[in-house]
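Reading through the structure tokens given below for one structure.
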Amino acid sequence: MEDVTRSLNRQKSVDVVFLDFQKAFDKVPHQRLLLRLKSMDVNGNLLSWIENWLGNRKQRVVIKGCASSWQDVTSGVPQGSVLGTLLCVAYVNDIDGDILCTAKKFADDTKLYSEVSSKSDTEKFQMDLDKVFSWSGKCFLI
């Protein structure tokens with residue numbers, strides 16, 4: 001908020017986009033998350049513990065007493081837990097790795113913004129949005 005206010009006080013326009021990935025906590029693929037954690041130097045007993053915590057989960061659907069067969073859960077982090085939130089953050093943390101605008105992140109919510117003084121600035125911001133869109137397709141492709 002302070003960055004945007006500072007720009008507005010200087011009579012500068014600011015483009016802002018708020019992102020909220022639909023069901024992001026449910027879409028984090030376990031194997032890719034574990035690879036991401038390894039790349040962040042999470043290893044040994046801690047990585048094994050996280051893998052066990054995520055693994056061996058099953059789910060089914062029950063409607064009016066009629067149940068589907070049990071299916072393995074291969075994506076998603078448990079919501080309502082501190083660790084689930086941290087794992088989701090670790091998974092999406094590189095969303096701003098290839099963009100020029102400013103990104104502010106909280107869990108699966110991201111705000112992108114940039115001062116806009118010319119058509120060129122608008123085009124750069126759009127290119128950043130395109131990069132984030134491409135990133136999200138790769139990140140949440142299950």
Side-chain angles (χ1 to χ4, degrees), residues 1-64 67-142:
M1 185 68 169
E2 290 178 24
D3 293 345
V4 172
T5 302
R6 206 173 5 256
S7 294
L8 294 175
N9 286 341
R10 293 189 344 263
Q11 305 297 313
K12 300 288 184 178
S13 296
V14 180
D15 279 352
V16 181
V17 173
F18 294 87
L19 304 173
D20 182 4
F21 295 106
Q22 182 179 15
K23 300 195 179 276
F25 280 78
D26 297 333
K27 293 181 179 179
V28 175
H30 294 168
Q31 292 306 310
R32 277 197 257 163
L33 171 60
L34 294 168
L35 289 173
R36 177 92 29 110
L37 292 172
K38 284 181 188 178
S39 75
M40 300 167 84
D41 291 328
V42 175
N43 50 44
N45 288 339
L46 179 56
L47 186 64
S48 294
W49 187 89
I50 292 170
E51 186 172 12
N52 288 332
W53 186 70
L54 291 171
N56 300 317
R57 293 177 187 265
K58 295 191 178 286
Q59 66 184 12
R60 68 179 179 167
V61 176
V62 179
I63 300 175
K64 295 185 180 181
S68 68
S69 60
W70 287 98
Q71 299 292 315
D72 291 330
V73 176
T74 59
S75 65
V77 293
Q79 296 181 44
S81 66
V82 173
L83 185 57
T85 301
L86 290 174
L87 292 175
C88 188
V89 167
Y91 188 69
V92 300
N93 194 46
D94 66 341
I95 188 173
D96 57 347
D98 192 30
I99 61 173
L100 300 174
C101 67
T102 303
K104 300 291 183 183
K105 302 173 276 188
F106 181 77
D108 63 330
D109 297 320
T110 302
K111 174 174 50 178
L112 304 175
Y113 61 93
S114 182
E115 272 190 15
V116 178
S117 301
S118 66
K119 183 176 181 186
S120 173
D121 291 339
T122 301
E123 290 167 351
K124 288 177 190 173
F125 190 68
Q126 182 60 55
M127 286 191 313
D128 283 344
L129 291 175
D130 293 343
K131 289 176 186 176
V132 169
F133 180 76
S134 176
W135 170 92
S136 67
K138 294 173 192 165
C139 189
F140 291 110
L141 178 67
I142 297 176

Measure across Val62 and Ala67 and return the closest heavy-atom pair with its distance rounded to 0.1 Å.
CG2-CB, 3.8 Å
Donor-acceptor pair, distance only, cut-off 3.5 Å: does the side chain of Ser75 make one with the backbone of Asp26?
yes
OG on Ser69 to CD on Gln59, rounded to 0.5 Å
11.0 Å
Taking the side chain as every heavy atom from C-beta outward, state whether Lys105 and Asn93 have any atom pair closer than 4.5 Å.
yes
Spatial distance of atom NZ (Lys119) from atom CD (Gln126) [nearest 0.5 Å]:
12.0 Å
Determine whether a donor-acceptor pair (N or O, by modelled atom type, separation under 3.5 Å) exists between the side chain of Asp128 and the backbone of Cys101.
yes
Value rounded to 0.5 Å, distance of CG in Leu87 from OG in Ser81:
7.5 Å
Just wondering, more than 12 heavy atoms not from Lys124 lying within 6.0 Å of its NZ?
no
Look only at the side chain of Ser68 and the backbone of Val61, and say whether a donor-acceptor pair between them is shorter than 3.5 Å.
yes
Would you say that more than 12 heavy atoms from the other residues, nucleotides or ligands in this model lie under 6.0 Å from the CG of Asn56, or not?
no
Expected list for residues 34-46: side-chain donor-acceptor pairs under 3.5 angstrom, two or more places apart:
from  : atom 1 : to    : atom 2 : distance (Å)
Arg36 : NH1    : Tyr91 : O      : 2.1
Arg36 : NH1    : Asp94 : OD1    : 3.2
Ser39 : OG     : Arg36 : O      : 2.6

Is the shortest heavy-atom distance from the side chain of Lys131 to the side chain of Ser134 under 4.5 Å?
no
Student check: side-chain heavy atoms of Trp135 and Val92 closer than 4.5 Å
yes
Gap separating the CD1 atom of Ile95 from the CG atom of Leu112, nearest 0.5 angstrom
6.5 Å
Measure from the side-chain N and O atoms of Lys58 to the backbone N and O of Trp70, and report whether any donor-acceptor pair falls under 3.5 Å.
no
So how far is it from Met1 CE to Tyr113 OH, rounded to the nearest 0.5 Å?
11.0 Å
If you look at every heavy atom in Val73 and His30, which pair is closest and at what distance?
O-CE1, 3.4 Å
Side-chain contact, heavy-atom cut-off 4.5 Å: Val16 with Lys111?
yes
Step-by-step side-chain contact (heavy atoms from CB on, under 4.5 Å) determination, Leu100 to Phe125
CA-CA 8 Å; Leu100 300 174; Phe125 190 68; over 6 Å; no
Nearest atoms (heavy-atom pairs only) where Phe25 meets Cys88:
CE2-CB, 3.8 Å
Rounded to the nearest 0.5 Å, how far apart are OG of Ser48 and CD of Glu51?
6.5 Å
